[in-house]
Amino acid sequence: MTMGKIIFYEDRNFQGRSYETSSDCADTSSFLSRCHSCRVESGCFMVYDRTNFTGNQFFVRRGEYSDYQRMGMSDCIKSCRMIPMHRGQFRMRIYERENFGGQMHELMDDCENMQDRYRMSDCQSCNVMDGHWLLYEQPHFRGRMGYLRPGEYRNLRDQGINLSRIMSLKRIMDSCH
């Protein structure tokens, strides 16, 4: 199985010094003075505009991203996380309130609109049993996003999920390649 590969560039349009990685990078400034564009050669990654996988997040798959501002980054790319490909079923329990309180629903597929599907206006905690998921601030997979890997999340706001609310969820499928 091939791992992902991403190349960061100091300037827009893939100019300036570059840094290449196939794994998580908690602080791109260890390698580059700034990072304003990237090219994903394979796999899928989350890029962040703060160090240590915090701040605004953006999902990137194979392709070219010539300008960090078009990606919704307020600052240049400061960290990235490699997303391993998951084959098999996807399963997640979402809860209306923190600490697994309020309504609970189990998802095994994408959810375009939590309000329409579950009458839930927000998701504040969850348990990801299988697969890797993207959360979106708006219905139909729009707006700012957050990344979840398998694990228990008692309070999504404490996990660096920098969203005012969560309105849709999407599985990260192996079609990234």
Side-chain angles (χ1 to χ4, degrees), residues 1-9 14 18-32 35 37-66 68 71-73 76-95 100 105-112 114 123-137 141-163 166-177:
M1 184 162 129
T2 58
M3 298 299 286
K5 182 163 112 178
I6 189 168
I7 306 166
F8 296 104
Y9 297 87
F14 322 110
S18 65
Y19 166 68
E20 179 182 304
T21 186
S22 293
S23 60
D24 295 356
C25 176
D27 188 356
T28 58
S29 68
S30 306
F31 308 99
L32 301 173
C35 178
S37 59
C38 67
R39 179 179 282 126
V40 180
E41 304 238 319
S42 59
C44 299
F45 292 82
M46 286 306 286
V47 295
Y48 303 80
D49 64 5
R50 297 276 176 268
T51 58
N52 297 314
F53 322 113
T54 60
N56 292 313
Q57 309 181 28
F58 192 78
F59 175 71
V60 292
R61 58 177 46 166
R62 196 165 71 173
E64 297 190 335
Y65 302 85
S66 61
Y68 72 105
M71 298 161 64
M73 298 278 156
C76 59
I77 299 166
K78 298 276 182 70
S79 57
C80 82
R81 195 180 286 288
M82 202 272 297
I83 301 173
M85 280 303 99
H86 173 76
R87 302 195 193 288
Q89 74 169 1
F90 285 74
R91 205 157 62 101
M92 174 202 287
R93 286 196 181 124
I94 57 173
Y95 298 84
F100 314 120
H105 296 281
E106 190 165 301
L107 273 78
M108 296 181 81
D109 60 352
D110 299 346
C111 175
E112 281 195 25
M114 282 189 0
C123 165
Q124 294 185 8
S125 59
C126 66
N127 182 3
V128 179
M129 284 89 88
D130 294 298
H132 297 254
W133 298 74
L134 291 174
L135 313 175
Y136 292 85
E137 202 165 40
F141 320 119
R142 291 196 316 265
R144 294 188 307 170
M145 61 181 76
Y147 163 59
L148 292 179
R149 49 191 180 178
E152 289 190 350
Y153 300 88
R154 293 186 168 279
N155 184 339
L156 288 169
R157 304 310 180 271
D158 290 349
Q159 298 295 321
I161 304 293
N162 193 20
L163 308 178
I166 294 158
M167 295 301 299
S168 53
L169 302 98
K170 189 180 195 85
R171 298 164 294 165
I172 300 176
M173 309 291 277
D174 61 5
S175 59
C176 291
H177 301 298

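The structure presented is a predicted model; accordingly, all values stated were derived computationally and were not measured.
Considering only residues two or more places apart in sequence or on other chains, Asp110 meets the side chain to side chain donor-acceptor pair (under 3.5 Å) condition with Arg171. For Phe8, there are no ring pair (Phe, Tyr, Trp, His ring centres under 6.0 Å) partners two or more places apart in sequence or in a different chain. Listed by chain and number, the residues in a side-chain contact (heavy atoms from CB on, under 4.5 Å) with Arg50 are Thr54, Ser74, Asp75 (sequence neighbours excluded). In this view, Tyr65 satisfies the ring pair (Phe, Tyr, Trp, His ring centres under 6.0 Å) rule with no residue, not counting sequence neighbours. Partners of Met129 according to the side-chain contact (heavy atoms from CB on, under 4.5 Å) rule, which considers only residues two or more places apart in sequence or in another chain, are Arg91, Arg93, Glu106, Asn127. Scanning for ring pair (Phe, Tyr, Trp, His ring centres under 6.0 Å) contacts around Tyr9 gives Phe14, with sequence neighbours left out. Among residues two or more places apart in sequence or in another chain, the side chain to side chain donor-acceptor pair (under 3.5 Å) test is passed with Tyr147 by His132. Scanning for side chain to side chain donor-acceptor pair (under 3.5 Å) contacts around Arg142 gives an empty result, with sequence neighbours left out. Shown here are the side chain to side chain donor-acceptor pair (under 3.5 Å) partners of Tyr68, two or more places apart in sequence or in another chain: there are none. With sequence neighbours left out, the side-chain contact (heavy atoms from CB on, under 4.5 Å) criterion links Arg154 to Asn99, Phe100, Glu152. For Asp158, the side-chain contact (heavy atoms from CB on, under 4.5 Å) partners two or more places apart in sequence, or in a different chain, are Asn155.
With contacts defined as side-chain heavy-atom distances shorter than 4.5 Å, the pair Tyr136/Lys170 qualifies. With a 4.5 Å cut-off on side-chain heavy atoms, Phe141 and Glu112 count as touching. Residues Met85 and Ile172 meet the side-chain proximity criterion, which asks for heavy atoms closer than 4.5 Å. In this structure the side chain of Leu148 reaches within 4.5 angstrom of the side chain of Leu156, judged on heavy atoms. A heavy-atom distance below 4.5 Å is not found between the side chains of Phe90 and Met108. Residues Arg149 and Val128 have side chains not in contact (no heavy-atom distance under 4.5 Å, counting atoms from C-beta outward). Phe31 places a side-chain heavy atom less than 4.5 Å from the side chain of Cys25.
Interatomic distance, CD of Gln57 versus CG of Leu135, reported as 8.5 Å (0.5 Å rounding). Taking NE2 of His105 as the reference point, atom CG of Leu169 lies at 12.0 Å (rounded to 0.5 Å). Separation of atoms CD1 (Ile77) and SG (Cys38) is listed at 4.0 Å; rounding is to 0.5 Å. For the atom pair CD1 (Ile166) and SG (Cys123), the distance works out to 5.0 Å, reported to the nearest 0.5 Å. In this structure, the separation between CD1 on Ile6 and CE on Met82 is 11.0 Å, given to the nearest 0.5 Å. Rounded to the nearest 0.5 angstrom, Met173 CE and His86 NE2 are separated by 9.0 Å.
Side-chain atoms of Asp130 do not come within 3.5 Å of backbone N or O of Gln89 as any donor-acceptor pair.
The two residues Lys78 and Asp49 have their closest heavy-atom pair at CG-O, 3.3 Å. In this structure, Phe45 and Thr21 approach most closely via the heavy-atom pair CZ-O, 4.3 Å. Looking at every heavy atom in both residues, Ser23 comes nearest to Cys80 through O-SG, 3.9 Å. Residues Ser37 and Ser66 share a closest heavy-atom pair of CB-O, 3.4 Å.
Legend: salt bridge (charged side-chain N to carboxylate O under 4.0 Å, His left out) pairs involving residues 19-31, not counting sequence neighbours, sorted by first then second residue: Lys5-Glu20, Asp24-Arg81.
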